[in-house]
Undergrad: 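Got a structure here, written out as structure tokens. Questions coming.
Just so we're clear, the structure is a prediction, and the values are computed from it rather than from any experiment.
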Amino acid sequence: MNQFLFEGRSLVGIVSSIIRQDDLKVSFSRLDWERMFRLADYHKVTSIVYLGILGYREALPEKWQARFFERYQESLLFGGSYQESVKEVLNWLNTRKISCTLLASESVRELYQIQETADTTPLQLLMDEENYNLAKGYLIDMGYETDLVYEGYGERMQKVSGISIVLYYKLPFRTAVYQKNMRRLLESAHIKEGYQSIRALSKEDELIFRMASAVYRYTIDEVTMREVLDLQLCHRAWRDSVRMDAINRRMEEFQIEAPAAKLLRISYMWFADKNDNYYEHLPEEMSEYDILEERLLTRGMVNKEVDKQVLKLAKLIHKEEEKERRREERKQFKERWKERWEETKRKLKWVFPDYHYMASIYPIVEKLPFLLPGFWIARGIRLILRSIQMK
């Protein structure tokens, strides 16, 4: 477990040194590069790591140098095509008057000092289920393929060029508090300039969305380093033009103000410029940040959670998951009984054919319908005798 934490912290060190453009202090000889690649890939920071290892290639097997370089090339391809690809998709949706909300856009890419280190999933779109199917069909026609399915919520679709688009027909948050506050957030979205059907969040609301999403995904052990990095870059760029007091009140409404504040602070601990004095002093209690860091870097394998709001949220999510599981079990139970009943009806129909079929075999049934049960028995005996003779 110590090795997992060491590699996770080394990954943070590599990424932060590239983002801050300062000296890299990582012991490359102690790293398992297969695990490092998989960890970086999971956290969506392989393109950043590639730049970090350029001066240390002798420490990496050629195979893993090549794998990191592949991801970096994808970022370069993405950089050359993403604006046109994004514009093409949004224009198609707008032309067909498909109403949707832009949850995250390519604008975050502009916040990266080295733009090819940005993520290659520039768009997250929310729309109703009918429009979702239309949009998905369009993307398939344009050469996109499903890369990842969010069961019950949507999917991520990717093109060969490297650009990925996340489509949602339902936001991936289970609890009532989250659903209520996310609805309120979506209601405040404004029409994006230059469009009639595309809505977008303000910078303030996008920060709220990013912070709430990060806490939720941290609670279910799915938050990535990339999400934490994007959160830090967005906050640093927008903090002087948004009302942080209003954002903090919204975090209280989500009932996550404590973990949201800690996630934002650790994002600054990891990635902020050393001269940035937004947080002037270290927190008095560092153990809570150690717990957060260990859980995040090990994807929950080290979980010593003590934050009461995170524990409460985890309990609510588990409760909703249990409800969904029971609903699915009931649905499957009903489907099994429906199948059995249909099979039983087919058998009964074979044993007791309808009036018209029997009348075609025994014409007298047409004149004397009350004889139908007797001819069912006669037919049954005849079929039994035939099967005996065949043996």
Side-chain angles (χ1 to χ4, degrees), residues 2-80 82 108-122 147-148 156 158 161-164 214 217-218 221-234 236 263 266-274 293-299 301-302:
N2 288 337
Q3 182 67 16
F4 283 117
L5 284 173
F6 171 74
E7 288 167 351
R9 286 169 179 149
S10 296
L11 184 62
V12 171
I14 295 170
V15 173
S16 62
S17 70
I18 298 301
I19 296 300
R20 294 194 301 237
Q21 292 291 281
D22 59 13
D23 294 334
L24 180 59
K25 298 176 182 178
V26 173
S27 179
F28 283 85
S29 59
R30 291 180 56 191
L31 299 174
D32 180 322
W33 283 102
E34 180 176 357
R35 284 210 302 263
M36 282 295 290
F37 176 80
R38 300 190 191 289
L39 187 63
D41 212 32
Y42 172 80
H43 284 288
K44 303 180 183 179
V45 292
T46 43
S47 61
I48 304 177
V49 174
Y50 174 73
L51 295 179
I53 63 177
L54 281 177
Y56 303 88
R57 291 187 177 182
E58 67 281 355
L60 275 74
E62 288 186 11
K63 173 185 176 181
W64 298 110
Q65 288 183 38
R67 295 294 296 278
F68 279 106
F69 180 60
E70 285 173 11
R71 291 291 189 269
Y72 181 70
Q73 279 186 312
E74 289 173 6
S75 295
L76 289 177
L77 286 170
F78 168 74
Y82 82 98
V108 71
R109 184 179 179 83
E110 307 302 322
L111 305 180
Y112 281 81
Q113 191 171 348
I114 306 172
Q115 290 197 357
E116 60 263 34
T117 59
D119 193 15
T120 56
T121 306
D147 179 48
L148 183 64
R156 186 177 71 199
Q158 186 172 29
S161 64
I163 186 172
S164 296
R217 286 171 57 76
Y218 168 77
D221 296 313
E222 290 183 3
V223 71
T224 64
M225 197 177 297
R226 173 67 71 178
E227 290 170 80
V228 177
L229 173 56
D230 282 353
L231 175 62
Q232 193 273 329
L233 292 175
C234 290
R236 186 191 67 186
L263 266 174
I266 204 169
S267 76
Y268 272 79
M269 290 179 182
W270 283 355
F271 304 120
D273 188 288
K274 291 179 180 178
E293 181 182 66
E294 290 175 358
R295 181 173 179 179
L296 195 155
L297 294 179
T298 63
R299 295 165 60 181
M301 287 188 286
V302 177

Undergrad: Which residues satisfy the side chain to side chain contact (heavy atoms under 4.5 Å, CB included) test with Ser267, sequence neighbours excluded?
TA: Val228, Gln232, Leu264
Undergrad: What I'd like to find out is whether the side chain of Tyr268 reaches to under 4.5 Å of the side chain of Arg236, using heavy atoms alone.
TA: yes
Undergrad: After noting the C-alpha distance and the side-chain angles of Leu296 and Glu227, does the key distance pass the side chain to side chain contact (heavy atoms under 4.5 Å, CB included) rule?
TA: CA-CA 11 Å; Leu296 195 155; Glu227 290 170 80; over 6 Å; no
Undergrad: So for atom CZ, which belongs to Arg226, do other residues, nucleotides or ligands contribute more than 12 heavy atoms lying within a distance under 6.0 Å?
TA: yes
Undergrad: Can you list everything that forms a ring pair (Phe, Tyr, Trp, His ring centres under 6.0 Å) with Phe37? Sequence neighbours excluded, please.
TA: Trp64, Phe68
Undergrad: Do Ile48 and Leu229 make a side-chain contact, defined as non-hydrogen atoms from C-beta onward lying under 4.5 Å apart?
TA: yes
Undergrad: Which atom pair, heavy atoms only, marks the closest approach of Ala272 to Arg20?
TA: O-CD, 2.7 Å
Undergrad: Rounded to the nearest 0.5 Å, how far does CZ of Arg156 lie from CG of Asp147?
TA: 4.0 Å
Undergrad: How about Gln21: does its CD atom have over 12 heavy atoms from other parts shown lying under 6.0 Å from it?
TA: yes
Undergrad: So do the side chains of Asp221 and Met301 get within less than 4.5 Å of each other, counting heavy atoms only?
TA: no
Undergrad: Tyr218: which residues meet the ring pair (Phe, Tyr, Trp, His ring centres under 6.0 Å) condition with it, sequence neighbours left out?
TA: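 Counting only residues at least two positions away or on another chain, Tyr218 forms no ring pair (Phe, Tyr, Trp, His ring centres under 6.0 Å).
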Undergrad: Using every non-hydrogen atom in the two residues, find where Gln113 and Ile19 come nearest and quote the distance to one decimal.
TA: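 That would be OE1-O, 4.0 Å.
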Undergrad: Is a side-chain donor or acceptor of Arg217 paired with a backbone partner of Glu222 at a separation under 3.5 angstrom?
TA: yes
Undergrad: Could you grab the distance from atom CZ of Arg71 to atom CG of Asp41, nearest 0.5 Å is fine?
TA: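 Rounded to the nearest 0.5 Å, the CZ-CG separation comes out at 4.0 Å.
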Undergrad: Of the non-hydrogen atoms in Leu297 and His43, which two are nearest, and what is the gap between them?
TA: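 Heavy atoms only, the tightest pair is O-NE2, 4.4 Å.
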Undergrad: With sequence neighbours left out, write down each residue that passes ring pair (Phe, Tyr, Trp, His ring centres under 6.0 Å) with Tyr42, or none if nothing qualifies.
TA: none
Undergrad: May I have the step-by-step check of side chain to side chain contact (heavy atoms under 4.5 Å, CB included) for Gln73 and Tyr50, ending in yes or no?
TA: CA-CA 10 Å; Gln73 279 186 312; Tyr50 174 73; over 6 Å; no
Undergrad: May I ask you to test the Tyr72-Leu54 pair for a side-chain heavy-atom distance under 4.5 Å?
TA: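 No, their side chains stay 4.5 Å or more apart.
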Undergrad: Return all side-chain donor-acceptor pairs below 3.5 angstrom for residues 6-18, not counting sequence neighbours, or 'none' if the list is empty.
TA:
unit_1 : atom_1 : unit_2 : atom_2 : d
Glu7   : OE1    : Arg35  : NE     : 3.0
Glu7   : OE2    : Gln3   : NE2    : 2.9
Glu7   : OE2    : Asp32  : N      : 3.3
Glu7   : OE2    : Arg35  : NH2    : 3.1
Arg9   : NE     : Glu293 : OE1    : 3.0
Arg9   : NH2    : Glu293 : OE1    : 3.4
Ser10  : OG     : Phe6   : O      : 2.8
Ser16  : OG     : Val12  : O      : 2.9
Ser16  : OG     : Gly13  : O      : 3.1
Ser17  : OG     : Gly13  : O      : 3.4
Ser17  : OG     : Ile14  : O      : 2.8

Undergrad: First locate atom OG1 of Thr224, then atom CG of Leu39, and finally report the distance between them rounded to the nearest 0.5 Å.
TA: 11.0 Å
Undergrad: Can you name the closest pair of heavy atoms from Ser75 and Arg109 and give their distance?
TA: O-NH2, 4.1 Å
Undergrad: Say you draw a straight line from CZ of Arg67 to CG of Leu60; how long is it, rounded to the nearest 0.5 Å?
TA: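 These two atoms lie 13.0 Å from each other.
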Undergrad: Among all residues two or more places apart in sequence or in another chain, which pass the side chain to side chain contact (heavy atoms under 4.5 Å, CB included) test with Glu110?
TA: Tyr82, Gln83, Gln115
Undergrad: Hey, does Asp119 have a side-chain heavy atom less than 4.5 Å from the side chain of Val108?
TA: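 Counting from C-beta outward, Val108 and Asp119 never come under 4.5 Å.
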